[in-house]
Amino acid sequence: MRYTQYFLPTLKETPGDAEVVSHQLMARAGMIRKVAAGIYDYLPFGLRVIRKVENIVREEMNRAGAIELLMPAINPADLWQQSGRWQEYGKELLRLKDRKDTEFCVGPTHEEVVTEIVRGTVSSYRQLPLNLYQIQTKFRDELRPRFGLMRGREFIMKDAYSFDVDDAGAEVSYQKMYQAYRRIFERCGLDFRAVEADSGTIGGSFSHEFMVLAETGEDAIVSCGSCDYAANVEKAELRAPVGEASAPTMELGKVATPNLKSIDDVAAFLKEKPQQMVKTLVLQNEREETVAVLLRGDRKLNEVKLCNYLDCNHIQMADEALVRKITGSPTGFSGPIGLSCRVISDYELATMSDFGLGANEENFHLTGANHGRDFQVEAFVDLREAVAGDDCPRCEGKLEIWRGIEVGHVFKLGTKYSEAMNATVLDGQGKERALVMGCYGIGIGRTAAAAIEQNHDDNGIIWPMPLAPFQVIVTMLNPKDEAVSAAGEKLYQDLLDEGIEVLLDDRDERPGSKFKDADLIGIPLRVNVGARGLKEQSFEFQDRRGGERVMLPVEGAAAKVAEQVRAALVVG
RNA sequence: CGGGGAGUGGCGCAGCCUGGUAGCGCGCCAGUUUUGGGAACUGGAUGUCGCAGGUUCGAAUCCUGUCUCCCCGACCA
């Protein structure tokens with residue numbers, strides 16, 4: 001591609017609304033333009049990267065035995081009513097009506113449509129296993145789209161769905177996808193971890209997220225420094241502490257704590273550490289069940305764990321009125337003694353004694369409290385969020401905390417959709433069985449964004465070779481110089497003949513501008529063609545990733561560069 | 001959903017408090033000189049100041065409404 005005939009509008013300045021580096025660089029490098037909140041144009045240069053990611057995904061999905069198809073972006077409400085999600089999905093589902101007032105939605109995911117396909121075409125276990133996938137634009141009306149392609153409302157996703165006659169088969173299908181995902185992200189040149197994740201409301205038994213490690217990631221993940229345990233913090237299990245609480249040494253006492261509502265304030269007032277306080281959180285789930293949760297003062301509640309324990313989908317902090325009703329006092333003074341609701345405690349309290357508590361009375365707290373003696377709890381369960389330094393649940397190691405960008409998610413669906421939509425097959429015994437499903441997603445644009453988060457410097461993007469929109473840029477320093485022009489054109493042609501994707505910078509710009517643009521757009525390899533080098537029958541050759549500039553003899557230059565491109569494409 | 005902020009040439013911003021008919025940098029066009037890390041000079045083009053009302057002799061500026069966009073939070077007992 002010749003630069004002068006291409007469409008690559010780069011920006012010197014960073015757009016004001018771009019917060020994270022991948023978004024800034026994508027905008028500056030002429031990859032994307034915002035059209036509306038969370039909705040973007042993919043300009044030619046950006047689209048090339050998207051296609052690179054898609055093709056890697058496609059090759060690995062095909063290798064794993066999945067079969068590509070394409071489902072409609074617009075889905076009839078009817079299908080979503082069959083699964084129950086027309087009601088469940090909430091505002092993220094973009095709904096619309098056609099001219100006949102029939103309701104539709106823009107598909108945010110395609111379990112319903114794919115299940116309908118299989119229901120109507122597969123009737124025997126002999127046709128299984130089956131794994132169908134598509135690469136398609138999705139729409140989710142996110143509460144808060146942000147960070148460019150990282151969290152858009154409209155986004156390109158690869159979604160795959162496996163169908164098996166039984167759990168054993170589904171497990172095999174799952175493992176195939178898991179391995180395919182590992183290969184995909186390795187081929188993309190990303191530093192990632194596959195972590196255990198909560199399967200959420202879907203209720204499946206097993207789920208992994210593929211996380212690209214990056215400071216700007218929206219998810220927190222834990223991993224063990226000693227073994228290969230890794231999990232989303234939402235999922236990260238913590239071991240029950242060993243030992244029991246020591247015997248109480250203090251009497252229960254009441255102290256005035258005027259206007260001291262936060263644990264830190266109360267602890268400071270009592271000259272105690274927050275670790276010696278217990279906080280009482282009042283929450284309510286979607287069934288309007290109210291529970292009180294006890295946690296050590298400095299800990300955070302993991303709501304996902306609580307939901308799993310309560311077998312509910314959503315839980316939130318009670319409002320002021322409800323807290324008053326349950327505890328008899330305003331927020332800030334809640335405690336477990338004398339509550340009219342379930343009281344559940346985190347594991348950790350089992351080993352604590354003589355701690356501080358809210359008194360359920362405005363402006364009062366209790367000291368020297370002990371469970372068993374002063375109050376009872378329904379159970380001690382794992383409810384708190386993991387922090388760095390916690391014990392690994394699998395070995396003797398300690399947990400570390402990372403930030404990550406979720407680029408892929410695989411999980412077992414079980415029979416949720418097949419049962420709801422009556423998708424069954426006959427097994428070997430002639431018995432009708434609900435299909436056992438799995439679903440597997442990859443965010444294509446997010447993967448590209450994650451690659452930039454991991455591969456950039458102050459000057460711009462540094463594309464990993466497999467994702468590079470062009471593999472080589474040939475920079476003609478002065479295209480008006482006939483020798484330069486002739487040599488540049490020849491190199492360009494030779495590289496094309498080698499099958500290399502090359503951008504020829506034939507613009508009549510000063511060299512400085514060309515170098516800046518080349519760095520910004522991040523082409524991995526650059527060849528400078530200038531009068532200075534040509535005097536010695538040489539080009540200059542430079543690796544974008546900080547390599548030294550080296551002289552490259554004109555003779556055989558294209559072959560050498562091509563060789564280096566191919567070497568960088570081999571899967572590690 | 002709660003809080004905060006912003007909409008002024010293609011991009012980044014100033015002007016607004018204290019109303020007087022719009023400015024800077026980048027980019028763009030023409031010319032001259034330049035040409036190895038975003039050139040210099042000269043000349044030029046580009047704005048119904050988000051939209052709708054209102055106040056006023058006069059509104060980018062003050063008031064009301066509205067739309068859009070961005071950020072933070074949604075763990076506080």
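This one's a predicted model, so the numbers in the text were calculated from it and none came from an experiment.
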C1' atoms of B:rC1 and B:rA60, separation to the nearest Å: 33 Å
| base_contact_polar (B:rC75 base, A:E303 side chain, donor-acceptor, <3.5 Å) | no
Would A:R153 and A:E142 pass as an ion pair if we require N to O under 4.0 Å?
-> no
TODO: Using the C1' atom as the reference point in each nucleotide, state the distance between B:rG15 and B:rG44 in Å, no decimals.
DONE: 24 Å
When rounded to whole Å, the CD to P distance for the pair A:E218 and B:rA74 reads 13 Å
From CZ of A:R151 across to P of B:rC71 the rounded distance in Å is 12 Å
message: Taking the C1' atom in each of B:rC28 and B:rG9, what is the distance between them to the nearest angstrom?
response: 11 Å
Checklist entry - Salt bridge or not for A:K34 and A:D17, using N-O below 4.0 Å? => result yes
Atom CG of A:L143 and atom P of B:rC70 are separated, to the nearest Å, by 13 Å
message: Roughly how many Å apart are B:rG58 and B:rG73, using the C1' atom of each and rounding to a whole number?
response: 44 Å
For B:rA59 and B:rC16, measure between their C1' atoms and round to the nearest Å.
10 Å
query: If we take the C1' atom in both B:rU8 and B:rU48, what is their distance in whole Å?
result: 12 Å
- Please test A:N455 against A:R545 for side-chain hydrogen bond (donor to acceptor under 3.5 Å, both in side chains), starting from the C-alpha separation and ending with a verdict. CA-CA 9 Å; A:N455 298 282; A:R545 203 174 284 275; 3.1 Å; yes
| said: Whether A:K398 and A:D391 form a salt bridge (side-chain N of Lys/Arg under 4.0 Å from carboxylate O of Asp/Glu) is what I want to check. | reply: yes
I'd like to know if A:K480 pairs up with A:D508 as an ion pair, taking the criterion as any Lys NZ or Arg NE/NH1/NH2 lying under 4.0 Å from an Asp or Glu carboxylate oxygen.
yes
pair_partner(B:rU48), Watson-Crick or wobble, both distances < 3.5 Å, evaluates to none
The side chain to side chain contact (heavy atoms under 4.5 Å, CB included) partners of A:L238 (sequence neighbours excluded) come to A:K305, A:D382, A:R384, A:A386, A:D390, A:L399
A:F470-A:Y6 aromatic ring centre distance below 6.0 Å
yes
Margin query: Is any side-chain heavy atom of A:M211 closer than 4.5 Å to one of A:I405?
Written below: no
Quick tally for nucleotides 31-41 of chain B: nucleotides whose base has a protein heavy atom under 4.0 Å get B, sugar-phosphate-only ones S, the rest -, giving ---BSBBBB--
When rounded to whole Å, the CG to P distance for the pair A:D17 and B:rG50 reads 17 Å
Note: A:L252 and A:R373 closest approach over all heavy atoms is N-NH2, 3.5 Å
In whole Å, measure the gap between the C1' atoms of B:rU34 and B:rC70 for me. 42 Å
Heavy atoms only, 4.0 Å cut-off, all strands: where does A:E385 land among base, sugar-phosphate and nothing? base
Sorted by number, residues from residues 269-277 of chain A placing a heavy atom under 4.0 Å from RNA chain B are none
Q: Tell me whether the centres of the aromatic rings in A:H365 and A:F269 are closer together than 6.0 Å.
A: no
In Watson-Crick or G-U wobble terms, with both distances under 3.5 Å, the base opposite B:rG43 is B:rC29
Worksheet item: Just by distance, with hydrogens left out, do A:E453 and A:S22 show a side-chain donor and acceptor under 3.5 Å apart?
Response: yes
Separation of B:rC70 atom P from A:M150 atom CE, nearest Å, is 15 Å
What is the nucleic acid contact for A:V266, judged by heavy atoms within less than 4.0 Å: base, sugar-phosphate only, or nothing?
nothing
Could you work out the separation of B:rA74 and B:rG4 based on their C1' atoms and round it to a whole Å? 14 Å
Atom CD of A:E142 and atom P of B:rC1 are separated, to the nearest Å, by 15 Å
Taking a pair to mean Watson-Crick or G-U wobble geometry with both distances below 3.5 Å, B:rG9 pairs with none
Atom CZ of A:R144 and atom P of B:rG4 are separated, to the nearest Å, by 15 Å
Comparing nearest nucleotides in RNA chain B, the 5'-proximal residue of the pair A:V278, A:T14 is A:T14
A:K305 NZ to B:rC75 P, in whole Å, measures 16 Å
Q: Report which part of the nucleic acid A:T327 touches: base, sugar-phosphate, or nothing (heavy-atom distance under 4.0 Å, all strands).
A: nothing
Inset, instruction - Answer with base, sugar-phosphate or nothing: what part of the nucleic acid does A:S329 contact at a heavy-atom distance below 4.0 Å? - result: nothing
